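Just below is one structure, and these are the notes that go with it.
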Amino acid sequence: MKLYPQGRVPFHKFVPRKQMEYNFKDIEKKWQQYWAKNKTFHTETHSSKPKYYVLDMFPYPSGTGLHVGHPLGYIASDIVARYKRLHEFNVLHPMGYDSFGLPAEQYAIQTGQHPAVTTEQNIKRYREQLDKIGFSFDWDRQVKTSDPKFYKWTQWIFLKLFNSWYNPETDKAESIDTLIEKFKSERLTPNPSPKERGAGSWDIMNEKEKSNVLMNYRLAYLSEAWVNWCPALGTVLANDEVKDGVSERGGYPVERKLMPQWSLRITAYAERLLKDLDTIDWSESIKEAQRNWIGRSEGSSLTFRLTPNPSPKERGTAAGKNSGYETADKLIWAELKEFSRENRKTSTEAEAILWERVRDSKLGYKIRRQHAIGQFIADFVCLEKKLIIEVDGEIHSEQKEYDETRTAILAKAGYRLIRFTNDEVITKADWVCDEIKKALDLPLSFGEGERGGEAIEVFTTRPDTVFGATFLTLAPEHELVEKITTPEYKKAVDEYVHYAKNRTERERQTDVKKVTGQFTGAYAIHPFTEEKIPIWTGEYVLAGYGTGAVMGVPAHDTRDFAFAKHFGLPIKKVIEPNSPSPLEKGQGDEAECFDTYDGKCINSDFINGLDVKDAIKKIISEIEKRGLGKGQVNYRMRDAIFGRQRYWGEPIPIYYVPDEASAKSGGNGIPKAVDEKDLPVILPEVDKFLPTETGEPPLARASSTWKYKGKYEYEKTTMPGWAGSSWYYLRYMDPQNDKEFVSKEAVNYWKQVDLYIGGSEHATGHLMYFRFWTKFLYDIGCIPFTEPAQKLINQGMIQGESRLVYRLFFRSGKDFLNRGIENTEKYPKLYLSYNIAKRVLNNSYSPNDLREMLVKQFGESILSKHIVTDSLFVLWTNVDIKFVNGSILDIDRISREDSNFSNTDFLLENGLYICGEEVEKMSKSKLNVVNPDEMCDKYGADCFRMYEMFLGPLEQSKPWNTNGITGVFNFLKKLWRLFDLTPNPSPEGEGNTAGKAELKILHKTIKKITEDIERYSFNTCVSTFMICVNELTDLKSAKKEILEPLVILISPFAPHIAEELWQKLGYTESVTFARWPKYDRQLAADDTFAYPVSFNGKTKFNIELPLSLTKEEVEKQVILSEETKKFLHGNQPKKVIVVPGRIVNVVV
RNA sequence: GCGGGCGUGGCGAAACUGGCAGACGCACCAGACUUAGAAUCUGGCGCUUAACGGCAUGUGGGUUCGAGUCCCUCCGCCCGCACCA
């Protein structure tokens, strides 16, 4: 046992001698218990007070617990919450857990431990850590996303999404029923997507077909989609969950895979998500990130026809046997031809009327009459727009069944159908023509177009450069690639497509510079010049953006340029820049290719000489006039993949009803929404958290009794991590409600989040979905606002200060690395102190120098252990910061406690081992984690809170350095001691009337603290408190009149000590219920001001003058002063500038 | 490549609307109390100069009586997006 001289004990064993000593441990424990017992921060929704909602981003309770970086935002929000309470706001300041998620599941897979169990443990630990810091959360409102009482409502919102579509006319989400009504009432059949050609006229569609059509509109829908598949995690990931081609969690490779997926139609909200950014007070960087993510671009679509009557050489048999208008089934062609001739002769009156009105492209499109398609004959057809017009007369009335089959088959071929009765055509032909025109003007879906889909539609933001288009490029996934490829290129194209499709996202992204592509052998006709241009496929064109096809304008697009250069395609300049810089300055590539909006069109026929902007307008109107395409807005954003092939998430409340069609194709049946009253669909138990042997998601392992209504299969994928966090803020308003996700009353009172604090890493993920769901819930009338959070602050990241140690090997690095890292085991361990290692690394030490140093420190015997060779290799690794004091490594301790450093020699400098330093992300793997509990134990929660704020501006990232905390600790002790000066702290005691000087200090502090909290400048608040306490200490002032408001001011920052002092001042109720002190301008005002007097802007001296003086009086005083004369050197001042209360500047 | 942000002592930073650059704190130095350390207190602390003074907010220029702050040029760092036509 170590003995200490009488009365002296080390700090950490300090026992307070005086009762008045600042004993933060007791104080903090006392008040934390008091708050919990008295429910001091309980929040009622019924209140006449104004509301204030301050929210922290939902934490995911990870297994590693909180480090000092996490609470930064929580402390800031807690300060605001407490501050607002003191202003008599009714404050909602809740906390809960985003408790579904991948890490718990990964852990479950490794250990077999149920994720619910580990999640509960983690939550418990989080709660303990949070409680130690003294937050004013209303814990009665806590929510957990993995709680069925919570996810019942997540599922409920999903059902709402499933049962809604986005109506572009009203520009909002509506019930899917309104769409069905539309389909029923309109003559036009739903436009089937290329992947869902099961559709026909609504009433005659079967269940499956209806379901498929509606899937194209539902806001939550199932579709075959290219997804980010992560084999290591066994699940798909949303775009924002993939960074640099690897998964954000875990960093595993991600591949592209086509599979059926649940998605949310966030793209329907793209425009509103973009536009409404202007209405919210979020940081510019986040808004900009969202704008980029949405990626709006204006341009035009443009259709390129393929070359007509292609020679066999160009087209060949593989490209399609029939020419454009021969759409009929070959086998029965002859028969049909006869039949159609017959029909034409015997056409009805209505058909004749209509023919006169549509023939000769009168409606802008070529329409054919009695044309055979497949096995059927259409009354009228526009092949270009794939529209069939039927006029129902007596002939067809008894053929209903035949018609139904026909409609379905035609729809499968991609045709839409519009029907009229004889009567309609005869009595209101104008109206009929209008309807036909409307249907013709609708854009075709992807891949459709003239001649059975063999025209290519491109999207371009620069239609003005169309005359410079010298080739077309299709994405390798584009469905036309296969169709148009000529036989002699088939092999090459197939190989190329195979290569491109099998590259991972990562590969694609890492060699973006590499130009790859393949000519298809086919040619398109330039819509304006009629020139023949080659069609290529290349992976620089993305399938998912625009139409998956581009026109190559190598002279004015760098990617097209690279492609053209690489494959020797022609380059045609069509823009003359206004400023010659790009041409003259540019060398090589730049001279040939420039991308500018500042120029005039050349070599461009009818747009020659126009400015780019005007040219764009002109050419779009021309494109529209000629029916080649139209002005269009495109978004980079894709729909959000919503299903995860994982266990630990909300089950998607969908079940499947078997049907014949699906059974034949091996499908799942018709997806149906679980009835609202059957929610929640509880996450079933499974034996293992892995996919099944057949590759089904883990939920397929649930017992065979896990079926909807006892017989229907449930959907087996679960929701992604961001589902719960997209709406959780609403649940806090009414967390116990089992009738609604939130009551109208609660949401009408609390409304938006007033202040939202969290990390900027959520810019394009959570914060986007959060806004999307809010807008949706607004559309369907559930909530009265369209943005979830008015103000957002992104706290900076607190980085760790890592410590590095340097291991020396007498081997060459190359040799070493070749043999692999596991070989390190067999080398004796030798570490070099920082400055020695540095010198070895920059080759200023020879092996001989090291030998000398080794011998000097360890003696000759060391050489038998470390064989000094000519090769040196240094490997550095992080070392746990708990073994390091400043930058000095505690060698004894690390050798004892860390087996990696047993039997290790440390080559020292000046008798010490100095570590290298590096600032990097605080994480367990870097061994640089600082734990908040440790800080609270050592210095107290109040000190920890204030120090976190003192570090710097909230938004700024900064490294954690525990050293500085003593300054704040000293301040708190000084504050405490200030109260010891009070002779008698009773409310009416003597010596409580403050003097002018003290009042001035107080009121300056009130002003500054109030202003700084309002602008979230918490670091300067802490400085202000320090200045205030220093000044009061200097005055030896401890008047109740001063201390009382001071305690209130500091209570949001250091609540425990404030409560204790508040009690010492004689109060029995919590300081939470006090009122914020009022700033009195009179009391804070100075009488005089020491004017800095400068000459030509350089300050020379100060002169103390009354503030009551006017400009002229100040000038007079300054001119008259002795000092001024000295600096004037006898010259006359040219001019004197006086800013009252600020400065005097004399111009000489 | 595009977009956003930022460059101030040995360190974290302050200076909000153009008006005394470096407040407040850390570290450091000196002193007091101590056998010593810890704690506490006092003083010093941008660079340069013996001093008067001079020079200093990434670089160079501009606007202004006056610039860390506004404008332009270049350099460097951080973050986000990235063959998005």
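Bear in mind that the values here come from a model prediction, so they are computed numbers and not experimental data. The figures that follow rest on heavy atoms only: side chains count, while hydrogens, waters and symmetry mates do not. In the text below, chain A, chain B and the rest are named by the order of the sequence lines, each starting its count at 1.
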**OP:** Report, as a single string ordered 5' to 3', how protein heavy atoms within less than 4.0 Å touch nucleotides 15-23 of chain B: B base, S sugar-phosphate only, - not at all.
**Re:** SB--BBS-B

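The distance from atom CE of A:Met637 to atom P of B:A82 is 14 Å, rounded to the nearest whole Å. Counting to the nearest Å, the P atom of B:C65 and the NZ atom of A:Lys1111 are 14 Å from each other. Rounded to whole Å, atom P of B:A27 lies 14 Å from atom CD of A:Glu801. Distance CZ (A:Arg977) to P (B:A39): 13 Å, rounded to an integer number of Å. The CG-P distance, from A:Asn961 to B:C28, rounds to 12 Å in whole Å. Rounded to an integer number of Å, the gap from CD of A:Glu761 to P of B:C81 is 12 Å. Here B:C24 presents its P atom at 11 Å from NZ of A:Lys974, a figure rounded to the nearest Å. Atoms CD (A:Glu918) and C1' (B:C11) sit 18 Å apart, rounded to a whole Å.
At the heavy-atom level, A:Ala763 lies nowhere under 4.0 Å from the strands shown. If you check every strand for non-hydrogen atoms under 4.0 Å, A:Arg638 touches a base. The residue A:Val541 sits close to a base: some heavy atom pair falls under 4.0 Å. Within the 4.0 angstrom heavy-atom criterion, no nucleotide atom of any strand lies near A:Ser760. Nucleic acid contact class of A:Pro959 (heavy atoms, under 4.0 Å, all strands): none. At a threshold of 4.0 angstrom between heavy atoms, the contacts of A:Asn970 are confined to the sugar-phosphate backbone, with no base atom among them.
Here the side chain of A:Gln956 is nearest to one of B:U40, B:G12, B:A13, namely B:A13. Side-chain proximity of A:Lys973 to B:A85, B:C26, B:U40: nearest is B:U40. Closest to the side chain of A:Ser285, from the set B:G4, B:C55, B:G80, is B:G4. Among the nucleotides B:A85, B:C81, B:G12, the one closest to the side chain of A:Ser297 is B:A85. Which of B:G25, B:C41, B:G4 sits closest to the side chain of A:Asn1030 comes down to B:G25. Distance from the side chain of A:Trp293 is smallest for B:C81 among the nucleotides B:C81, B:C83, B:C24. Residue A:Lys1100 places its side chain closer to B:G54 than to any other of B:C26, B:G54, B:A85.
For B:C20, there is no paired base (Watson-Crick or G-U wobble, both distances below 3.5 Å). Nucleotide B:C45 forms no Watson-Crick or G-U wobble pair with any nucleotide shown, as no partner meets the under 3.5 Å limit on both distances. Pair check for B:C2 finds B:G80; Watson-Crick or G-U wobble, both atom distances under 3.5 Å.
The separation of B:U57 from B:U69, taken at their P atoms, amounts to 9 Å, rounded to a whole angstrom. Comparing the same atom, C1', in B:A38 and in B:C77 gives a spacing of 40 Å after rounding to whole Å. For the P atoms, the distance linking B:G10 with B:G22 amounts to 16 Å, nearest Å. Annotation: B:U40 and B:U34 have their C1' atoms spaced 11 Å apart (nearest Å). Distance noted for atom C1' between B:G80 and B:A14: 29 Å (whole Å). Rounded to whole Å, the separation between the P atoms of B:G5 and B:G60 comes to 25 Å. As rounded to the nearest Å, B:C24 and B:C72 have P atoms that lie 35 Å from one another. When the C1' atom is compared between B:G66 and B:G18, the two are found 8 Å apart, to the nearest whole Å.
For the 3.5 Å distance criterion, the side chains of A:Glu955 and A:Tyr1016 fail to qualify, holding no donor opposite an acceptor. Side-chain contact of A:Glu1104 with A:Thr1088: a donor-acceptor pair under 3.5 Å is present, judged by distance alone.
One finds no salt bridge joining A:Lys1100 and A:Glu1123 here, because no Lys/Arg side-chain nitrogen approaches an Asp/Glu carboxylate oxygen to under 4.0 Å.
In this view, A:Tyr499 and A:Tyr496 satisfy the ring pair (Phe, Tyr, Trp, His ring centres under 6.0 Å) rule, not counting sequence neighbours. In terms of the side-chain contact (heavy atoms from CB on, under 4.5 Å) criterion, residue partners of A:Thr1024 (sequence neighbours excluded) are, by chain and number, A:Thr1005, A:Lys1008, A:Ile1009, A:Asp1012.
Between A:Phe944 and A:Tyr939, the gap from one ring centroid to the other reaches at least 6.0 Å. The aromatic ring centres of A:Phe471 and A:Phe563 sit less than 6.0 Å apart. Taking the centre of each ring, A:Trp960 and A:Tyr947 come in below the 6.0 Å mark.
Position along RNA chain B of the nearest nucleotide to A:Gly295 versus A:Thr764 favours A:Thr764 as the more 5'-ward residue. Nearest-nucleotide positions on RNA chain B for A:Asn1096 and A:Leu951 put A:Leu951 closer to the 5' end.
A cation-pi geometry, defined here as NZ or CZ lying under 6.0 Å from the six-membered ring centre and within 45° of its normal, holds between A:Arg462 and A:Tyr597.
Counting heavy atoms from C-beta on, the side chains of A:Ser1094 and A:Phe1101 never come closer than 4.5 Å.
In textbook terms, a nucleotide whose glycosidic angle is within 90° of 0 is syn, and B:G9 is one such case.
Between A:Arg636 and B:A82 there is a side-chain polar atom (N or O) within less than 4.0 angstrom of OP1 or OP2.
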